[in-house]
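Quantities reported herein were computed from a predicted structural model and do not represent experimental measurements. Residues take their numbers from the sequence shown, with the count starting at 1.
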Amino acid sequence: MGNDVQERILRRARLLDLAKKIGNISEACRIVGVSRATFYYYQRLKAADGEEALFTNRHRKPNLKNRVPEEVERSVVAYAFENPSHGQQRASEELSRRGVFVSPTGIRSIWKRHELENIRKRYSALKKRQRGASVSRASLTIFASD
C-alpha cells in the first residue's frame, strides 16, 4: 500500500480522535478539511465494524454493464490508429458501415479509456506505435506548431 493511501486511512482515525478530544464535530471537520457527512460515515463504520473498518480502503465496483464488448472496443481503437484525424462522429459513421455499431459518445468514452480522446493524442500514440514507419505529410502538418 502506498504512503498516500496509508495517510488517507490514518486521517480517518485522527479525525474521530480529534472530534472526541475537542468535543466539537464541526470544528474537527473544518480543521481536517472534510465534511460532517464524511465524519458521520467514518463514525458509522467504526460503530458497525470497529476500528479496523477505518483502515480498509473500500472502492465501488465498476459498472461493467455499460461497457461495450471487447471486440467492439478493439475495433474502435484500431480505427483510431487507422484514421487518427477522424472525429468521434465520423468514426461512428465509418464503423457502422463496417458493421460495428457504437455511438459517437461511446467512441469518445473508449478513446478516453485508451488516452486517445483528441487528435494530438491519437497521432502521438500512432507515432509511438510506428517508430520508424512513415506518417503521411498531411498528418504531420497538424503538429507543425509542436
Heavy-atom pair of closest approach, residues [X] and [Y]:
X: Tyr79; Y: Arg90; answer: OH-O, 4.3 Å
X: Phe39; Y: Cys29; answer: CB-SG, 3.5 Å
X: Pro84; Y: Leu126; answer: CG-CD2, 3.8 Å
X: Ala91; Y: Ile107; answer: C-CD1, 3.6 Å

Taking atom [atom1] of [X] as the centre, does the number of heavy atoms from other residues, nucleotides or ligands within less than 6.0 Å exceed 12?
X: Glu115; atom1: CD; value: no
X: Arg113; atom1: CZ; value: yes
X: Arg98; atom1: CZ; value: yes

TODO: Verify side chain to side chain contact (heavy atoms under 4.5 Å, CB included) between Arg12 and Lys46, making sure each step is shown before the conclusion.
DONE: CA-CA 10 Å; Arg12 296 172 181 179; Lys46 184 177 178 183; over 6 Å; no
Open item on the list: Set out, in order, the CA-CA distance, both residues' side-chain angles and the distance that settles side chain to side chain contact (heavy atoms under 4.5 Å, CB included) for Asp17 and Lys20, then state yes or no.
Closed with: CA-CA 5 Å; Asp17 293 340; Lys20 191 177 204 178; 5.6 Å; no
TODO: Determine, stepwise, if the pair Leu116 / Ile110 fulfils side chain to side chain contact (heavy atoms under 4.5 Å, CB included).
DONE: CA-CA 8 Å; Leu116 299 169; Ile110 293 168; over 6 Å; no
Task: Test item: Val72 and Pro69 side chains (from C-beta on) under 4.5 Å apart, heavy atoms - done: yes
Main chain of [Y], side chain of [X]: is a donor-acceptor contact present, judged purely on distance under 3.5 Å?
X: Ser75; Y: Glu71; result: yes
X: Asn83; Y: Ser85; result: no
X: Arg108; Y: Glu117; result: yes

Open item on the list: Would you say Phe101 ends up clustered with Val68 if hydrophobic residues are merged whenever their side chains have heavy atoms under 4.5 Å apart, either directly or through other cluster members?
Closed with: no
TODO: Enter the distance from Leu15:CG to Tyr42:OH here, rounded to the nearest 0.5 Å.
DONE: 7.5 Å
Task: Interatomic distance, Ser109 atom OG to His114 atom NE2 [nearest 0.5 angstrom] - done: 11.0 Å
Open item on the list: Could you check whether Arg122 makes a cation-pi contact with Phe81, meaning its NZ or CZ is under 6.0 Å from the centre of the six-membered ring and within 45° of the ring axis?
Closed with: no
- [ ] Could you go through the side chain to side chain contact (heavy atoms under 4.5 Å, CB included) check for Arg11 and Val32 one step at a time?
- [x] CA-CA 8 Å; Arg11 190 178 333 146; Val32 176; 3.7 Å; yes
